[in-house]
Structure formats: C-alpha cells, structure tokens
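Please read these numbers as outputs of a predicted model, since none were measured by experiment.
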Amino acid sequence: MTLTAASTGRRMTFVCLLSTLTLIASAPRALAQSQLTVVNPAAPAVPREYRTFHLVNTSQDAENDISTDLRNLLPGAKIYRVQTQGAISILGTADELQLAQHILADIDRPAKAYRLTFTLNDSDAGNPAASRHVAMVVVIGSKSEVKLGAKVPIVTGSFDDQSSKANTQVQYEDVGLNIEAWLDTAGDELRLRTKVTQSSVSDEKSNVGIQDPVLRQAVLDGSANLVEGRPLILGALDSPNGSGKVEIEVVAELVK
C-alpha cells in the first residue's frame with residue numbers, strides 16, 4: 001500500500017510537470033498570436049476624371065483668386081490655371097468635379113454695370129451760372145474715364161547734334177475736363193472712387209521758356225458710398241480760371 005501511493009504520487013508529479021512544461025512552451029506562441037495586428041485590405045482607388053472649365057464673365061485679374069479658392073476647397077484635386085485661354089483644368093473625382101462646377105457657377109457671373117451721370121454746376125459769386133452733364137458706364141470692379149478738351153503742346157527740350165537743324169522734343173498735356181471713376185461693391189451700397197480734374201491754359205507766360213504755356217488745374221480726388229438712384233454731391237472746387245466754383249454731383253443707375 002505504501003509503494004502504490006508512492007508510485008501514484010510520482011505519476012501525478014510527472015503529469016503536473018509535463019503540463020507546466022507544455023504551458024511554458026505554448027506561452028510564446030500565444031503571446032505572438034496576441035501581438036498580431038489585423039490589417040484591413042486597402043480600399044479601392046476612386047477613379048479620377050479630367051475636365052476643363054472656361055471662365056466667361058471673370059477678368060484675368062480675378063482668375064488667380066478663383067484658382068486659389070478651388071485649391072483650398074478641393075485639396076485632393078489637381079488644379080491648373082490656363083491664363084491664355086481663360087480656363088481652369090481640374091483632375092479629380094466625380095464629386096470634386098461636381099463641387100468645382102457649383103463653385104464656378106456661383107463665382108463666374110456677369111458683373112453688373114452702372115451708368116454714372118456727373119453733373120457739374122458752375123456758380124459765380126454764389127449765383128448759378130451753368131450746368132454740364134457727363135455720363136459713363138462703369139462695370140463693377142473696373143474703371144472708366146472720360147476726357148473733354150484739347151491737347152496742348154509743351155516743349156520739354158531741344159538740342160543740336162552738330163547739325164544745322166535743331167531737334168525739339170514736344171510733350172502734349174490734356175487740358176479741359178477729365179473724369180476717372182472706379183466702381184466696386186460695399187455690402188448693399190456701391191463704393192465709388194473718383195478723380196475729377198479740370199484744367200485750362202492761363203494767359204500768363206512762363207518764365208522758363210516763352211513758348212511754354214502756364215496751365216491752371218483743379219483736382220477733386222476721393223471715395224464715397226452710393227445708393228442706386230440717389231444723387232450725391234462729391235464736393236466742390238474752384239474754377240481753374242480763378243472765378244467761381246464748380247459743384248460736382250453724381251447719380252448711379254443700373255444698366256439692364
């Protein structure tokens with residue numbers, strides 16, 4: 001009975017030892033399996049398409065801003081501006097091309113044009129003398145100019161290059177009325193910048209050269225907000241001939 005119990009105890013010890021060795025041998029394999037990273041299969045590539053959009057109503061100055069806008073909103077697409085053709089080429093997915101089309105439809109719109117009518121009211125000693133009207137059409141974001149008068153020659157220099165004839169250089173100056181107008185938007189109002197120049201030839205003689213005329217000039221340069229259809233007085237300036245004043249008024253009307 002004692003030998004049987006001892007034998008049974010040795011078998012149990014051997015089985016326990018064998019189980020322990022099995023656990024120790026299988027532990028690294030279980031640890032390695034637990035450290036395996038599950039890799040998901042790569043998503044299929046989204047097909048890309050190519051399309052060219054032609055800008056119809058946008059000036060060349062604004063094309064660069066439009067290209068920057070598209071690059072910021074479509075970072076995954078390839079965008080190239082073709083300046084000579086007034087176009088933008090885009091390589092992207094169908095969704096990116098559709099979004100680009102919506103963006104360009106909102107941006108590339110015909111610019112509004114307004115007819116600006118300037119009224120110059122002349123007065124002498126506070127009494128109305130005469131009124132002049134000058135009208136021009138200005139497109140939002142651009143400039144228009146009107147010149148009324150003559151060109152006066154001014155000798156700027158002469159030299160004799162060892163010949164019997166003198167070579168005289170002449171420069172022509174605009175004399176009369178010159179109106180420059182820039183129009184832009186400021187919210188619901190129109191932002192107008194104007195430069196009104198009125199000049200004339202004086203009866204005085206120049207002390208530089210007897211042939212050089214003396215020009216008198218008055219300039220009004222400033223900015224103002226306009227409301228469509230509502231006249232606005234831009235300012236007043238002295239007449240170039242030294243008598244009286246000129247009051248300048250402007251009104252804007254949408255060209256349909």
Side-chain angles (χ1 to χ4, degrees), residues 59-61 111-159 166-185 189-256:
S59 63
Q60 289 187 354
D61 295 337
K112 292 183 179 180
Y114 288 84
R115 179 181 293 103
L116 300 179
T117 302
F118 292 86
T119 301
L120 288 81
N121 299 312
D122 298 319
S123 62
D124 189 2
N127 299 319
S131 295
R132 293 169 288 168
H133 301 280
V134 179
M136 66 173 71
V137 175
V138 185
V139 178
I140 294 294
S142 64
K143 165 192 171 184
S144 294
E145 184 176 6
V146 171
K147 291 183 179 182
L148 300 173
K151 289 184 176 291
V152 176
I154 298 177
V155 178
T156 58
S158 62
F159 60 91
N167 190 343
T168 303
Q169 298 176 349
V170 179
Q171 178 179 331
Y172 289 87
E173 292 288 340
D174 293 321
V175 175
L177 178 64
N178 184 25
I179 300 178
E180 299 176 74
W182 296 263
L183 200 58
D184 210 337
T185 56
E189 295 184 328
L190 298 173
R191 185 68 175 174
L192 173 66
R193 181 189 170 192
T194 54
K195 184 177 182 181
V196 181
T197 305
Q198 187 164 285
S199 58
S200 63
V201 180
S202 175
D203 295 333
E204 300 177 14
K205 299 299 180 181
S206 172
N207 55 6
V208 178
I210 191 172
Q211 74 279 9
D212 293 334
V214 174
L215 303 181
R216 293 186 178 276
Q217 188 179 76
V219 179
L220 176 64
D221 189 352
S223 301
N225 288 341
L226 294 179
V227 177
E228 182 182 347
R230 183 181 301 175
L232 177 67
I233 297 177
L234 297 176
L237 45 81
D238 293 331
S239 299
N241 56 15
S243 62
K245 291 183 178 295
V246 179
E247 185 182 74
I248 303 172
E249 180 183 281
V250 65
V251 61
E253 298 172 305
L254 179 64
V255 177
K256 299 181 180 180

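Applying the 6.0 Å contact sphere to CZ of R132 captures more than 12 heavy atoms from other residues, nucleotides or ligands.
With respect to the salt-bridge test (charged N to carboxylate O, under 4.0 angstrom), the residues E180 and K143 qualify.
Between D221 and T194 there is no side-chain heavy-atom pair separated by less than 4.5 Å. For the pair L120/E247, no side-chain contact is recorded, criterion being any heavy-atom separation below 4.5 Å from C-beta on. Proximity of I140 to Y114: side-chain heavy atoms (C-beta onward) are separated by under 4.5 Å at one or more points. Contact check for L234 versus F118: side-chain heavy atoms found under the 4.5 Å cut-off. Between L190 and L183, the closest side-chain pair of non-hydrogen atoms falls below 4.5 Å. A 4.5 Å side-chain heavy-atom check between V251 and L116 finds every atom pair outside the cut-off. Contact of the S223 side chain with the R191 side chain is registered, since non-hydrogen atoms from C-beta on lie closer than 4.5 Å. No side-chain heavy atom of I248 sits under 4.5 Å from any side-chain heavy atom of T119.
The backbone N or O of A181 lies less than 3.5 Å from no partner atom in the side chain of S144, so there is not a single donor-acceptor pair. Using modelled atom types, no side-chain atom of S199 and backbone atom of R216 make a donor-acceptor pair closer than 3.5 Å.
Here the CD-CG distance, from E189 to L226, works out to 8.5 Å after rounding to the nearest 0.5 Å. Rounding to the nearest 0.5 Å places CD1 of I179 at 10.0 Å from CD of E145. For the atom pair CG of N225 and CG of L232, the computed distance is 9.0 Å after rounding to the nearest 0.5 Å. Distance check, rounded to the nearest 0.5 Å: NZ of K147 to OG1 of T197 gives 10.0 Å. Here the CG-NZ distance, from N121 to K245, works out to 14.0 Å after rounding to the nearest 0.5 Å.
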Could you walk me through whether N178 and V146 pass side-chain contact (heavy atoms from CB on, under 4.5 Å), step by step? CA-CA 6 Å; N178 184 25; V146 171; 6.0 Å; no

Stepwise side-chain contact (heavy atoms from CB on, under 4.5 Å) test for L254 and K112: CA-CA 8 Å; L254 179 64; K112 292 183 179 180; 4.1 Å; yes

V175 vs K151, side-chain contact (heavy atoms from CB on, under 4.5 Å): CA-CA, chis, key distance, verdict: CA-CA 6 Å; V175 175; K151 289 184 176 291; over 6 Å; no

Could you check E253 against V255 for side-chain contact (heavy atoms from CB on, under 4.5 Å), going step by step and ending with a plain yes or no? CA-CA 6 Å; E253 298 172 305; V255 177; over 6 Å; no

